[in-house]
Amino acid sequence: MKIAVASDHAGYKLKEEIKRHLAEKNYDVLDFGSASAELKVDYPDWGFKAAGAVASHKAERGILVCGTGIGMSIVANKVRGIRAALCHDHFTAVMSRRHNDANVLVLGARVLGADVARDMVDVWLDEPFEGGRHSFRLDKISAYEEENCKKLEASSGGGRTVVIDHPLVRHKLGLLRNKETSSKDFRDLVQEVAGLMVYEVTRHLPLEETEIETPIEKTRVFTLSGKKLAVVPVLRAGLGMVEGILKLVPNAKVGHIGLYRDPKTLKPVDYYCKLPCDISEREIFVVDPMLATGGSAVAAVGHIIERGGKKISLVSLIAAPEGIATFHEAHPDVDIFVAAVDSHLNEHCYIVPGLGDAGDRLFGTK
Ligand SMILES: O=P(O)(O)OC[C@H]1O[C@H](OP(=O)(O)OP(=O)(O)O)[C@H](O)[C@@H]1O
Ligand SMILES: O=c1cc[nH]c(=O)[nH]1
(Lines give C-alpha, C1' and ligand atoms only; values in the text may rest on other atoms or scores of the structure.)
(Ligands and ions follow the chains in the order given, each with its own letter.)
Protein backbone atom coordinates (compact mmCIF):
# COMPACT_ATOMS: atom_id res chain seq x y z
CA MET A 1 0.00 0.00 0.00
CA LYS A 2 1.23 3.47 -0.93
CA ILE A 3 0.92 6.10 1.82
CA ALA A 4 1.30 9.86 1.31
CA VAL A 5 2.70 11.70 4.32
CA ALA A 6 3.16 15.40 5.05
CA SER A 7 3.77 17.67 8.02
CA ASP A 8 4.64 21.23 8.89
CA HIS A 9 7.68 22.08 11.08
CA ALA A 10 5.79 21.20 14.28
CA GLY A 11 4.90 17.76 12.97
CA TYR A 12 8.21 17.07 11.25
CA LYS A 13 9.81 14.84 13.93
CA LEU A 14 6.70 12.71 14.39
CA LYS A 15 6.30 12.42 10.59
CA GLU A 16 9.90 11.15 10.32
CA GLU A 17 9.22 8.67 13.12
CA ILE A 18 6.10 7.44 11.33
CA LYS A 19 8.00 7.14 8.04
CA ARG A 20 10.62 4.92 9.72
CA HIS A 21 7.86 2.82 11.23
CA LEU A 22 6.04 2.45 7.90
CA ALA A 23 9.27 1.54 6.09
CA GLU A 24 9.95 -1.22 8.64
CA LYS A 25 6.51 -2.60 7.81
CA ASN A 26 7.26 -2.45 4.07
CA TYR A 27 4.76 0.25 3.21
CA ASP A 28 5.60 2.42 0.23
CA VAL A 29 5.84 6.03 1.51
CA LEU A 30 5.45 9.20 -0.59
CA ASP A 31 6.79 12.11 1.49
CA PHE A 32 5.45 15.52 0.43
CA GLY A 33 7.49 17.43 3.06
CA SER A 34 8.19 19.54 4.97
CA ALA A 35 11.88 18.81 5.43
CA SER A 36 12.85 20.39 8.73
CA ALA A 37 11.71 21.06 12.29
CA GLU A 38 13.58 24.36 12.35
CA LEU A 39 12.31 26.10 9.21
CA LYS A 40 8.83 27.46 9.92
CA VAL A 41 6.41 26.63 7.07
CA ASP A 42 2.68 26.88 6.39
CA TYR A 43 0.83 23.58 6.86
CA PRO A 44 -1.59 24.12 3.89
CA ASP A 45 1.36 24.09 1.46
CA TRP A 46 2.23 20.51 2.44
CA GLY A 47 -1.17 19.18 3.50
CA PHE A 48 -2.86 19.97 0.17
CA LYS A 49 -0.14 18.08 -1.74
CA ALA A 50 -0.46 14.87 0.26
CA ALA A 51 -4.27 15.02 0.39
CA GLY A 52 -4.27 15.72 -3.36
CA ALA A 53 -2.17 12.58 -3.93
CA VAL A 54 -4.79 10.49 -2.11
CA ALA A 55 -7.70 12.19 -3.92
CA SER A 56 -6.05 11.51 -7.30
CA HIS A 57 -5.28 7.90 -6.31
CA LYS A 58 -1.50 8.34 -6.46
CA ALA A 59 -1.56 7.05 -2.89
CA GLU A 60 -4.19 4.87 -1.21
CA ARG A 61 -4.00 6.58 2.19
CA GLY A 62 -2.52 9.71 3.73
CA ILE A 63 -1.07 10.58 7.12
CA LEU A 64 -0.73 14.26 8.03
CA VAL A 65 0.91 15.76 11.10
CA CYS A 66 0.98 19.28 12.51
CA GLY A 67 1.17 20.65 16.08
CA THR A 68 -2.43 19.89 17.12
CA GLY A 69 -3.59 18.18 13.92
CA ILE A 70 -6.39 20.74 13.60
CA GLY A 71 -4.91 22.79 10.75
CA MET A 72 -3.99 19.74 8.69
CA SER A 73 -7.46 18.22 9.15
CA ILE A 74 -9.12 21.45 7.98
CA VAL A 75 -6.84 21.49 4.93
CA ALA A 76 -7.33 17.83 4.00
CA ASN A 77 -11.10 17.99 4.32
CA LYS A 78 -11.21 20.79 1.75
CA VAL A 79 -9.94 18.37 -0.90
CA ARG A 80 -12.68 16.68 -2.92
CA GLY A 81 -12.92 13.00 -2.05
CA ILE A 82 -10.95 13.21 1.19
CA ARG A 83 -12.30 11.97 4.51
CA ALA A 84 -9.67 13.09 6.99
CA ALA A 85 -9.98 12.05 10.63
CA LEU A 86 -8.19 13.91 13.42
CA CYS A 87 -7.67 11.11 15.92
CA HIS A 88 -6.43 11.22 19.50
CA ASP A 89 -6.07 7.60 20.58
CA HIS A 90 -6.44 3.94 19.65
CA PHE A 91 -10.26 4.08 19.86
CA THR A 92 -10.78 7.09 17.59
CA ALA A 93 -8.27 5.69 15.06
CA VAL A 94 -10.20 2.40 14.91
CA MET A 95 -13.59 4.09 14.67
CA SER A 96 -12.44 6.47 11.95
CA ARG A 97 -11.90 3.42 9.76
CA ARG A 98 -14.86 1.30 10.86
CA HIS A 99 -17.51 4.00 10.61
CA ASN A 100 -16.02 6.78 8.47
CA ASP A 101 -13.76 4.92 6.03
CA ALA A 102 -11.22 7.71 6.67
CA ASN A 103 -8.63 7.82 3.90
CA VAL A 104 -6.44 10.36 5.73
CA LEU A 105 -5.30 10.08 9.35
CA VAL A 106 -4.35 13.35 11.04
CA LEU A 107 -2.18 13.45 14.13
CA GLY A 108 -1.18 16.23 16.54
CA ALA A 109 2.52 16.02 17.32
CA ARG A 110 2.12 18.21 20.40
CA VAL A 111 -0.75 16.07 21.65
CA LEU A 112 0.51 12.53 21.16
CA GLY A 113 3.59 10.55 22.19
CA ALA A 114 5.41 8.62 19.47
CA ASP A 115 4.35 5.20 20.93
CA VAL A 116 0.66 6.10 20.88
CA ALA A 117 0.99 7.57 17.38
CA ARG A 118 2.70 4.39 16.04
CA ASP A 119 -0.02 2.22 17.54
CA MET A 120 -2.72 4.46 16.04
CA VAL A 121 -1.09 4.25 12.61
CA ASP A 122 -0.97 0.44 12.81
CA VAL A 123 -4.61 -0.02 13.76
CA TRP A 124 -5.75 2.64 11.33
CA LEU A 125 -4.01 0.89 8.45
CA ASP A 126 -5.36 -2.54 9.42
CA GLU A 127 -8.93 -1.77 10.41
CA PRO A 128 -11.52 -2.35 7.65
CA PHE A 129 -14.56 -0.18 6.92
CA GLU A 130 -17.75 -1.75 8.28
CA GLY A 131 -19.98 -0.60 5.43
CA GLY A 132 -23.74 -1.13 5.89
CA ARG A 133 -25.51 1.88 7.40
CA HIS A 134 -22.19 3.76 7.44
CA SER A 135 -22.01 3.56 3.64
CA PHE A 136 -25.34 5.40 3.37
CA ARG A 137 -23.98 8.18 5.55
CA LEU A 138 -20.81 8.51 3.53
CA ASP A 139 -22.91 8.53 0.35
CA LYS A 140 -24.74 11.58 1.73
CA ILE A 141 -21.42 13.36 2.30
CA SER A 142 -20.23 12.50 -1.22
CA ALA A 143 -23.52 13.67 -2.76
CA TYR A 144 -23.25 17.03 -0.98
CA GLU A 145 -19.64 17.40 -2.08
CA GLU A 146 -20.38 16.53 -5.72
CA GLU A 147 -23.36 18.88 -5.89
CA ASN A 148 -21.39 21.79 -4.46
CA CYS A 149 -18.39 21.16 -6.68
CA LYS A 150 -20.70 21.19 -9.70
CA LYS A 151 -22.29 24.48 -8.57
CA LEU A 152 -18.84 25.99 -8.09
CA GLU A 153 -17.70 24.79 -11.51
CA ALA A 154 -20.85 26.20 -13.10
CA SER A 155 -20.48 29.57 -11.34
CA SER A 156 -16.88 29.91 -12.53
CA GLY A 157 -17.93 29.27 -16.13
CA GLY A 158 -17.47 32.92 -17.15
CA GLY A 159 -19.22 36.24 -16.94
CA ARG A 160 -17.14 37.61 -14.07
CA THR A 161 -15.56 41.03 -13.77
CA VAL A 162 -12.19 40.57 -12.10
CA VAL A 163 -10.47 43.75 -10.91
CA ILE A 164 -6.71 43.30 -10.67
CA ASP A 165 -5.78 45.88 -8.06
CA HIS A 166 -2.27 44.78 -7.12
CA PRO A 167 -0.29 47.75 -5.71
CA LEU A 168 2.13 47.70 -8.67
CA VAL A 169 -0.79 47.83 -11.11
CA ARG A 170 -2.42 50.70 -9.21
CA HIS A 171 0.86 52.61 -9.09
CA LYS A 172 1.48 52.28 -12.83
CA LEU A 173 -2.13 53.07 -13.64
CA GLY A 174 -1.74 56.34 -11.72
CA LEU A 175 1.23 57.23 -13.95
CA LEU A 176 -0.79 56.34 -17.07
CA ARG A 177 -3.65 58.60 -16.03
CA ASN A 178 -1.33 61.62 -15.62
CA LYS A 179 -1.62 63.85 -18.70
CA GLU A 180 2.05 64.89 -18.26
CA THR A 181 3.25 61.33 -18.97
CA SER A 182 5.06 61.23 -22.34
CA SER A 183 4.04 58.92 -25.20
CA LYS A 184 7.18 56.86 -24.68
CA ASP A 185 6.51 56.37 -20.98
CA PHE A 186 2.83 55.76 -21.69
CA ARG A 187 3.73 52.98 -24.13
CA ASP A 188 6.12 51.35 -21.65
CA LEU A 189 3.58 51.56 -18.84
CA VAL A 190 0.77 50.02 -20.92
CA GLN A 191 3.06 47.03 -21.67
CA GLU A 192 4.05 46.72 -18.02
CA VAL A 193 0.49 46.81 -16.69
CA ALA A 194 -0.64 44.34 -19.38
CA GLY A 195 2.23 42.02 -18.34
CA LEU A 196 1.28 42.24 -14.68
CA MET A 197 -2.32 41.43 -15.52
CA VAL A 198 -1.32 38.23 -17.33
CA TYR A 199 -0.43 36.70 -13.98
CA GLU A 200 -4.09 36.81 -12.91
CA VAL A 201 -5.63 36.22 -16.33
CA THR A 202 -3.72 32.93 -16.76
CA ARG A 203 -4.17 31.74 -13.16
CA HIS A 204 -6.42 28.81 -14.20
CA LEU A 205 -4.11 27.40 -16.92
CA PRO A 206 -3.62 23.66 -16.43
CA LEU A 207 -0.26 22.24 -15.35
CA GLU A 208 1.26 18.82 -15.72
CA GLU A 209 3.85 17.17 -13.53
CA THR A 210 7.09 15.83 -15.01
CA GLU A 211 10.31 14.48 -13.58
CA ILE A 212 13.56 16.37 -14.11
CA GLU A 213 17.01 16.23 -12.57
CA THR A 214 18.41 19.23 -10.72
CA PRO A 215 22.21 19.32 -10.20
CA ILE A 216 21.41 17.75 -6.80
CA GLU A 217 18.77 15.06 -7.42
CA LYS A 218 15.69 13.98 -9.36
CA THR A 219 12.56 15.93 -8.55
CA ARG A 220 9.06 16.50 -9.85
CA VAL A 221 8.23 19.89 -11.39
CA PHE A 222 5.22 21.53 -13.02
CA THR A 223 5.00 22.74 -16.61
CA LEU A 224 2.14 24.38 -18.49
CA SER A 225 0.24 21.57 -20.15
CA GLY A 226 0.65 22.96 -23.65
CA LYS A 227 -2.68 24.79 -23.82
CA LYS A 228 -2.86 26.90 -26.98
CA LEU A 229 -3.35 30.62 -26.43
CA ALA A 230 -4.18 33.55 -28.72
CA VAL A 231 -3.92 37.27 -28.00
CA VAL A 232 -6.24 39.44 -30.08
CA PRO A 233 -5.67 43.20 -29.82
CA VAL A 234 -8.41 45.57 -30.93
CA LEU A 235 -6.61 48.06 -33.20
CA ARG A 236 -5.15 50.49 -32.60
CA ALA A 237 -4.88 50.87 -28.87
CA GLY A 238 -4.96 47.13 -28.09
CA LEU A 239 -1.61 46.80 -29.90
CA GLY A 240 -0.01 48.62 -26.99
CA MET A 241 -0.72 45.66 -24.68
CA VAL A 242 0.51 42.81 -26.89
CA GLU A 243 4.27 42.80 -26.24
CA GLY A 244 3.74 42.95 -22.47
CA ILE A 245 1.57 39.84 -22.68
CA LEU A 246 3.81 37.94 -25.12
CA LYS A 247 6.79 38.38 -22.80
CA LEU A 248 5.01 36.01 -20.41
CA VAL A 249 3.24 33.72 -22.89
CA PRO A 250 5.63 33.84 -25.87
CA ASN A 251 4.02 30.92 -27.73
CA ALA A 252 0.63 32.61 -28.03
CA LYS A 253 -0.50 33.40 -31.59
CA VAL A 254 -1.65 36.95 -32.34
CA GLY A 255 -4.84 37.85 -34.22
CA HIS A 256 -5.93 41.41 -35.07
CA ILE A 257 -9.30 43.08 -35.13
CA GLY A 258 -9.55 46.58 -36.61
CA LEU A 259 -12.34 48.72 -35.18
CA TYR A 260 -12.73 52.36 -34.46
CA ARG A 261 -15.46 54.24 -32.68
CA ASP A 262 -17.23 56.63 -35.01
CA PRO A 263 -16.90 59.99 -33.25
CA LYS A 264 -20.48 61.01 -34.18
CA THR A 265 -22.49 57.82 -33.74
CA LEU A 266 -20.05 56.32 -31.18
CA LYS A 267 -20.76 52.96 -32.83
CA PRO A 268 -17.85 50.66 -33.73
CA VAL A 269 -16.80 50.62 -37.40
CA ASP A 270 -15.01 47.47 -38.66
CA TYR A 271 -12.02 47.68 -40.96
CA TYR A 272 -9.92 44.54 -40.41
CA CYS A 273 -10.05 41.02 -39.00
CA LYS A 274 -7.34 38.35 -39.19
CA LEU A 275 -7.32 35.52 -36.65
CA PRO A 276 -5.17 32.38 -36.25
CA CYS A 277 -6.74 29.62 -38.41
CA ASP A 278 -7.10 27.28 -35.40
CA ILE A 279 -8.83 29.96 -33.30
CA SER A 280 -11.54 27.50 -32.21
CA GLU A 281 -8.90 25.40 -30.38
CA ARG A 282 -7.26 28.33 -28.57
CA GLU A 283 -7.96 30.15 -25.34
CA ILE A 284 -8.33 33.76 -26.47
CA PHE A 285 -7.45 37.00 -24.70
CA VAL A 286 -9.02 40.01 -26.43
CA VAL A 287 -7.04 43.07 -25.38
CA ASP A 288 -8.09 46.72 -25.52
CA PRO A 289 -7.04 49.28 -22.91
CA MET A 290 -10.41 51.04 -22.72
CA LEU A 291 -13.91 49.59 -22.20
CA ALA A 292 -16.11 52.68 -22.48
CA THR A 293 -19.60 52.18 -23.95
CA GLY A 294 -18.61 48.56 -24.60
CA GLY A 295 -19.54 48.78 -28.29
CA SER A 296 -16.05 47.97 -29.59
CA ALA A 297 -15.45 45.05 -27.20
CA VAL A 298 -18.91 43.57 -27.88
CA ALA A 299 -18.24 43.75 -31.64
CA ALA A 300 -14.70 42.35 -31.36
CA VAL A 301 -15.77 39.34 -29.29
CA GLY A 302 -18.75 38.86 -31.63
CA HIS A 303 -16.39 38.58 -34.63
CA ILE A 304 -14.27 36.00 -32.82
CA ILE A 305 -17.31 33.91 -31.88
CA GLU A 306 -18.56 34.06 -35.51
CA ARG A 307 -15.18 32.64 -36.59
CA GLY A 308 -15.37 29.75 -34.12
CA GLY A 309 -13.71 31.21 -30.98
CA LYS A 310 -15.02 29.51 -27.84
CA LYS A 311 -13.04 30.27 -24.69
CA ILE A 312 -12.64 34.04 -24.63
CA SER A 313 -11.70 36.64 -21.98
CA LEU A 314 -11.55 40.41 -22.37
CA VAL A 315 -8.54 42.18 -20.84
CA SER A 316 -8.78 45.98 -20.45
CA LEU A 317 -6.96 48.53 -18.35
CA ILE A 318 -9.85 50.83 -17.47
CA ALA A 319 -13.57 50.15 -17.72
CA ALA A 320 -16.67 52.26 -17.22
CA PRO A 321 -19.60 50.63 -15.39
CA GLU A 322 -21.76 51.24 -18.49
CA GLY A 323 -19.34 49.28 -20.69
CA ILE A 324 -19.15 46.38 -18.25
CA ALA A 325 -22.95 46.09 -18.11
CA THR A 326 -23.32 46.25 -21.91
CA PHE A 327 -20.56 43.70 -22.43
CA HIS A 328 -21.94 41.18 -19.92
CA GLU A 329 -25.39 41.52 -21.43
CA ALA A 330 -24.06 40.77 -24.94
CA HIS A 331 -21.57 38.07 -23.89
CA PRO A 332 -22.74 36.63 -20.57
CA ASP A 333 -20.14 33.81 -20.56
CA VAL A 334 -17.06 35.96 -21.13
CA ASP A 335 -14.90 37.13 -18.21
CA ILE A 336 -13.64 40.71 -18.08
CA PHE A 337 -10.27 41.43 -16.44
CA VAL A 338 -9.61 45.10 -15.67
CA ALA A 339 -7.12 47.10 -13.63
CA ALA A 340 -9.75 49.67 -12.59
CA VAL A 341 -13.46 50.40 -12.85
CA ASP A 342 -13.93 54.16 -13.12
CA SER A 343 -16.85 56.40 -12.25
CA HIS A 344 -18.85 57.02 -15.46
CA LEU A 345 -18.77 58.22 -19.10
CA ASN A 346 -18.85 61.92 -20.00
CA GLU A 347 -21.04 63.49 -22.69
CA HIS A 348 -18.51 62.36 -25.38
CA CYS A 349 -18.49 58.85 -23.94
CA TYR A 350 -14.94 59.18 -22.61
CA ILE A 351 -14.23 57.40 -19.33
CA VAL A 352 -14.10 59.68 -16.25
CA PRO A 353 -11.53 60.11 -14.81
CA GLY A 354 -9.99 57.65 -17.31
CA LEU A 355 -6.74 58.46 -19.09
CA GLY A 356 -8.00 60.22 -22.22
CA ASP A 357 -7.77 58.71 -25.70
CA ALA A 358 -5.57 55.63 -25.31
CA GLY A 359 -4.75 55.30 -29.04
CA ASP A 360 -3.70 58.93 -29.40
CA ARG A 361 -1.59 58.79 -26.26
CA LEU A 362 0.13 55.56 -27.33
CA PHE A 363 0.94 56.71 -30.84
CA GLY A 364 1.26 60.47 -30.30
CA THR A 365 -1.42 61.30 -32.85
CA LYS A 366 -2.85 64.28 -31.04
O1 LIG B 1 -16.16 50.94 -25.48
P2 LIG B 1 -16.19 51.88 -26.63
O3 LIG B 1 -17.13 53.04 -26.39
O4 LIG B 1 -16.42 51.20 -27.93
O5 LIG B 1 -14.76 52.60 -26.68
C6 LIG B 1 -13.58 51.91 -26.54
C7 LIG B 1 -12.77 51.96 -27.79
O8 LIG B 1 -12.27 53.27 -27.99
C9 LIG B 1 -10.86 53.21 -28.21
O10 LIG B 1 -10.56 52.98 -29.53
P11 LIG B 1 -10.79 54.11 -30.69
O12 LIG B 1 -12.14 53.94 -31.29
O13 LIG B 1 -10.46 55.43 -30.10
O14 LIG B 1 -9.75 53.67 -31.78
P15 LIG B 1 -8.16 53.64 -31.73
O16 LIG B 1 -7.76 52.54 -30.78
O17 LIG B 1 -7.78 53.35 -33.13
O18 LIG B 1 -7.65 54.97 -31.26
C19 LIG B 1 -10.48 52.05 -27.36
O20 LIG B 1 -9.21 51.57 -27.64
C21 LIG B 1 -11.58 51.07 -27.61
O22 LIG B 1 -11.37 50.27 -28.75
O1 LIG C 1 -12.07 57.20 -22.43
C2 LIG C 1 -11.96 56.63 -23.52
C3 LIG C 1 -13.05 56.11 -24.21
C4 LIG C 1 -12.86 55.48 -25.40
N5 LIG C 1 -11.62 55.41 -25.91
C6 LIG C 1 -10.55 55.91 -25.27
O7 LIG C 1 -9.42 55.81 -25.75
N8 LIG C 1 -10.75 56.51 -24.10
Quick one: does [X]'s side chain get under 4.5 Å of [Y]'s, heavy atoms only?
{"X": "Val287", "Y": "Met197", "value": "no"}
{"X": "Ser73", "Y": "Leu64", "value": "no"}
{"X": "Asn100", "Y": "Arg83", "value": "no"}
{"X": "Leu207", "Y": "Leu224", "value": "yes"}
{"X": "His166", "Y": "Tyr199", "value": "no"}
{"X": "Thr202", "Y": "Phe285", "value": "yes"}
{"X": "Ile3", "Y": "Ile63", "value": "yes"}
{"X": "Leu86", "Y": "Ile70", "value": "yes"}

Which heavy-atom pair separates [X] from [Y] by the least distance, and what is that distance?
{"X": "Gly255", "Y": "Pro233", "answer": "O-CD, 2.8 Å"}
{"X": "Val334", "Y": "Ser313", "answer": "CG1-CA, 3.9 Å"}
{"X": "Val29", "Y": "Lys19", "answer": "CG1-CG, 3.8 Å"}
{"X": "Pro268", "Y": "Gly295", "answer": "CG-O, 3.5 Å"}
{"X": "Ala109", "Y": "Leu14", "answer": "CA-CD2, 3.8 Å"}
{"X": "Leu107", "Y": "Ala117", "answer": "CD1-CB, 4.3 Å"}

Mind running salt bridge (charged side-chain N to carboxylate O under 4.0 Å, His left out) on Lys267 and Asp262 for me, showing each step along the way? CA-CA 6 Å; Lys267 299 280 177 245; Asp262 184 287; over 6 Å; no

Atom [atom1] of [X]: over 12 foreign heavy atoms under 6.0 Å:
{"X": "Arg307", "atom1": "CZ", "result": "yes"}
{"X": "His171", "atom1": "NE2", "result": "no"}
{"X": "Lys311", "atom1": "NZ", "result": "yes"}
{"X": "Tyr271", "atom1": "OH", "result": "yes"}
{"X": "Lys253", "atom1": "NZ", "result": "no"}
{"X": "Glu329", "atom1": "CD", "result": "no"}

Measuring from atom CG of Leu259 to atom SG of Cys273, what distance do you get when rounded to the nearest 0.5 angstrom? 8.5 Å

Roughly how far apart are Leu112 CG and Thr68 OG1, rounded to 0.5 Å? 10.5 Å

[X] side chain vs [Y] backbone, donor-acceptor pair below 3.5 Å:
{"X": "Glu213", "Y": "Thr219", "answer": "no"}
{"X": "Glu145", "Y": "Gly81", "answer": "yes"}
{"X": "Glu322", "Y": "Thr293", "answer": "no"}
{"X": "Glu192", "Y": "Lys172", "answer": "no"}
{"X": "Ser316", "Y": "Ala319", "answer": "no"}
{"X": "Asp8", "Y": "Ala10", "answer": "yes"}
{"X": "Asp31", "Y": "Gly33", "answer": "yes"}

Between Lys58 and Glu209, does a salt bridge (charged side-chain N to carboxylate O under 4.0 Å, His left out) hold up when you go through it step by step? CA-CA 13 Å; Lys58 288 184 186 134; Glu209 229 179 322; 3.6 Å; yes

Donor-acceptor pair between Thr92 and Asp89 side chains, under 3.5 angstrom: yes

Here's a test for you: under side-chain contact (heavy atoms from CB on, under 4.5 Å), which of Val341, Val315, Ile336 qualifies with Leu291? Ile336

In terms of side-chain geometry, is the basic nitrogen of [X] or [Y] positioned less than 4.0 Å from the acidic oxygen of its partner?
{"X": "Lys184", "Y": "Asp188", "value": "yes"}
{"X": "Arg80", "Y": "Glu146", "value": "yes"}
{"X": "Asp126", "Y": "Lys25", "value": "no"}

side-chain contact (heavy atoms from CB on, under 4.5 Å) between Phe129 and Arg97, intermediate numbers included: CA-CA 5 Å; Phe129 174 49; Arg97 287 291 312 139; 4.1 Å; yes

Output a table of donor-acceptor pairs, distance under 3.5 Å, between side-chain atoms of residues 354-366 and any protein atom two or more places apart or on a different chain; print 'none' if there are none.
residue: Asp357; atom: OD1; partner: Gly359; partner atom: N; Å: 3.1
residue: Asp357; atom: OD1; partner: Asp360; partner atom: N; Å: 3.0
residue: Asp357; atom: OD2; partner: Tyr350; partner atom: OH; Å: 2.9
residue: Asp360; atom: OD1; partner: Arg236; partner atom: NH2; Å: 3.1
residue: Asp360; atom: OD1; partner: Thr365; partner atom: OG1; Å: 2.5
residue: Arg361; atom: NH1; partner: Leu176; partner atom: O; Å: 2.9
residue: Arg361; atom: NH1; partner: Leu355; partner atom: O; Å: 2.9
residue: Arg361; atom: NH2; partner: Asn178; partner atom: O; Å: 2.8
residue: Thr365; atom: OG1; partner: Arg236; partner atom: NH1; Å: 3.1

Could you label the plane-to-plane angle of the His256 and Tyr272 rings as parallel, tilted or perpendicular, counting under 30° as parallel and over 60° as perpendicular? tilted

Evaluate side-chain contact (heavy atoms from CB on, under 4.5 Å) for Leu22 paired with Val121, printing each intermediate quantity in order. CA-CA 9 Å; Leu22 292 171; Val121 166; 3.8 Å; yes

Step by step, work out the side-chain contact (heavy atoms from CB on, under 4.5 Å) result for Glu283 and Leu205. CA-CA 10 Å; Glu283 171 149 5; Leu205 290 183; 3.9 Å; yes

Applying a strict under-4.5 Å side-chain criterion to I, L, V, M, F, W and Y, I'd like to know whether Val5 and Tyr43 cluster together.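 No, no single cluster joins them.
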
Start with the C-alpha gap between His331 and Ile312, add the side-chain angles, then the distance that decides, and say whether side-chain contact (heavy atoms from CB on, under 4.5 Å) holds. CA-CA 10 Å; His331 299 298; Ile312 307 171; over 6 Å; no

